[in-house]
Amino acid sequence: MKSLFTTTALAASMAFTAAAFAAPGEANNAPMNVTPMQEEAQPVLEAPDEILSRNRSGDDVLVQHDNYVVMAPNAIAAADVIGAAVVGPDGEETGTVDDLVLTEGKSVDRVIIADGEMFGFGGKMVAIDFEGASITRDQNDDRMVRIGMTDKALEGVAEFDKAPLAEDGGKLASSYIGREVVFATEDDGTGEISDLILDKRGTAKYAIIEYGGMLEMNDKRVALDLDELKPAAADEPLNLAMTLDELRGEPTFFYDEDEAPKAGEM
């Protein structure tokens with residue numbers, strides 16, 4: 001069984017940075033032929049502060065401590081992106097992120113957007129290319145996704161049906177979040193995936209698994225390599241070849257240093 005950290009540190013390449021901060025002429029957010037309107041709708045690109053500072057372990061997705069791990073500053077939590085505001089090049093909000101479409105290699109391929117009228121009349125769901133998108137933060141420190149298409153340009157994009165992808169069980173970020181995980185032995189019970197952690201290229205590297213409760217009083221979280229989970233049909237739990245005791249031996253996961261325990265508290 002693969003361990004959480006291999007002897008070779010996981011280095012996130014600069015490819016995602018190239019996609020997230022592409023020059024305006026290279027942005028390609030449209031899932032159809034580019035129109036003159038779309039060519040003019042180039043993204044306002046911002047460098048997320050967390051990528052530029054406080055990175056104490058290079059481009060790693062997780063930062064290892066003695067008995068716990070935290071997200072590296074340049075890593076991205078999928079649960080933060082789903083539901084995030086989508087902003088066009090004019091600075092106007094065009095909708096919210098409904099889901100992320102993953103490739104076979106678990107990299108984000110497309111962003112599914114529910115437009116601003118989704119809960120009113122005339123709203124629809126569209127999917128645009130992830131290349132050229134910028135996952136950053138707004139003034140309230142909430143996740144935000146900038147794209148190279150205005151609300152007007154999105155109106156010309158065909159409606160997207162994600163139901164066939166949902167039936168696959170592994171093509172959507174939402175296919176993992178909230179999904180049950182079965183441990184190696186029946187007596188160990190089950191856990192649940194609460195999040196996916198992406199590197200700055202947009203590749204899902206780790207599944208955050210919560211387990212415990214009941215006799216253990218409080219849920220605990222660990223970050224496991226996504227490849228540790230065995231594929232299953234969409235309506236079935238994912239299988240993990242680890243016992244509960246082995247899981248307890250993994251470092252506890254925290255999203256940031258502020259959430260992590262101080263010395264002597266664990």
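Residues take their numbers from the sequence shown, with the count starting at 1. Here the structure is a predicted model, which is why all the values come from computation and not from measurement.
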Do side-chain atoms of Asn140 reach the backbone of Asp142 as a donor and acceptor pair under 3.5 angstrom? no

Is Val108 linked to Leu229 within one hydrophobic cluster, defined over Ile, Leu, Val, Met, Phe, Trp and Tyr using a side-chain heavy-atom separation of less than 4.5 Å? yes

Sequence neighbours left out, cut at 3.5 Å: what donor-acceptor pairs do the side chains of residues 165-172 make with other protein atoms?
unit_1: Asp168; atom_1: OD2; unit_2: Gly170; atom_2: N; d: 3.2
unit_1: Lys171; atom_1: NZ; unit_2: Glu104; atom_2: OE2; d: 3.2

Is it the case that the side chain of Lys124 and the backbone of Val157 share a donor-acceptor pair, with hydrogens and angles ignored and the cut-off at 3.5 Å? yes

Counterpart residues, side chain to side chain donor-acceptor pair (under 3.5 Å), relative to Glu92 (two or more places apart): none

Using only atom types and a distance under 3.5 Å, with no angle test, would you say the side chain of Lys205 pairs donor to acceptor with the backbone of Leu224? no

Partner of Thr94 under side chain to side chain contact (heavy atoms under 4.5 Å, CB included), picked from Leu154, Val87, Thr150, is Leu154

Side-chain donor or acceptor of Arg143 paired with backbone N/O of Ile76 under 3.5 Å: no

List in chain and number order the residues that pass side chain to side chain donor-acceptor pair (under 3.5 Å) with Asp80, two or more places apart in sequence or in another chain; answer none if no residue qualifies. none

Relative to each other, are the rings of His65 and Tyr68 parallel, tilted or perpendicular (30° and 60° limits)? parallel

Quick one, Met71 and Val63 - any side-chain contact, counting heavy atoms below 4.5 Å? no

So, the side chain of Glu246 versus the backbone of Thr243: is there a donor-acceptor pair under 3.5 Å, distance only? yes

Distance check, rounded to the nearest 0.5 Å: Tyr176 atom OH versus Leu102 atom CG? 6.5 Å

Assess, by modelled atom type and distance only, whether the side chains of Ser174 and Asp99 contain a donor and an acceptor separated by less than 3.5 Å. yes

Pair Asp195-Tyr255, side-chain donor/acceptor within less than 3.5 Å: yes

Please tell me whether Ile193 and Val222 are part of a single hydrophobic cluster in this structure, the criterion being side-chain heavy atoms less than 4.5 Å apart. yes

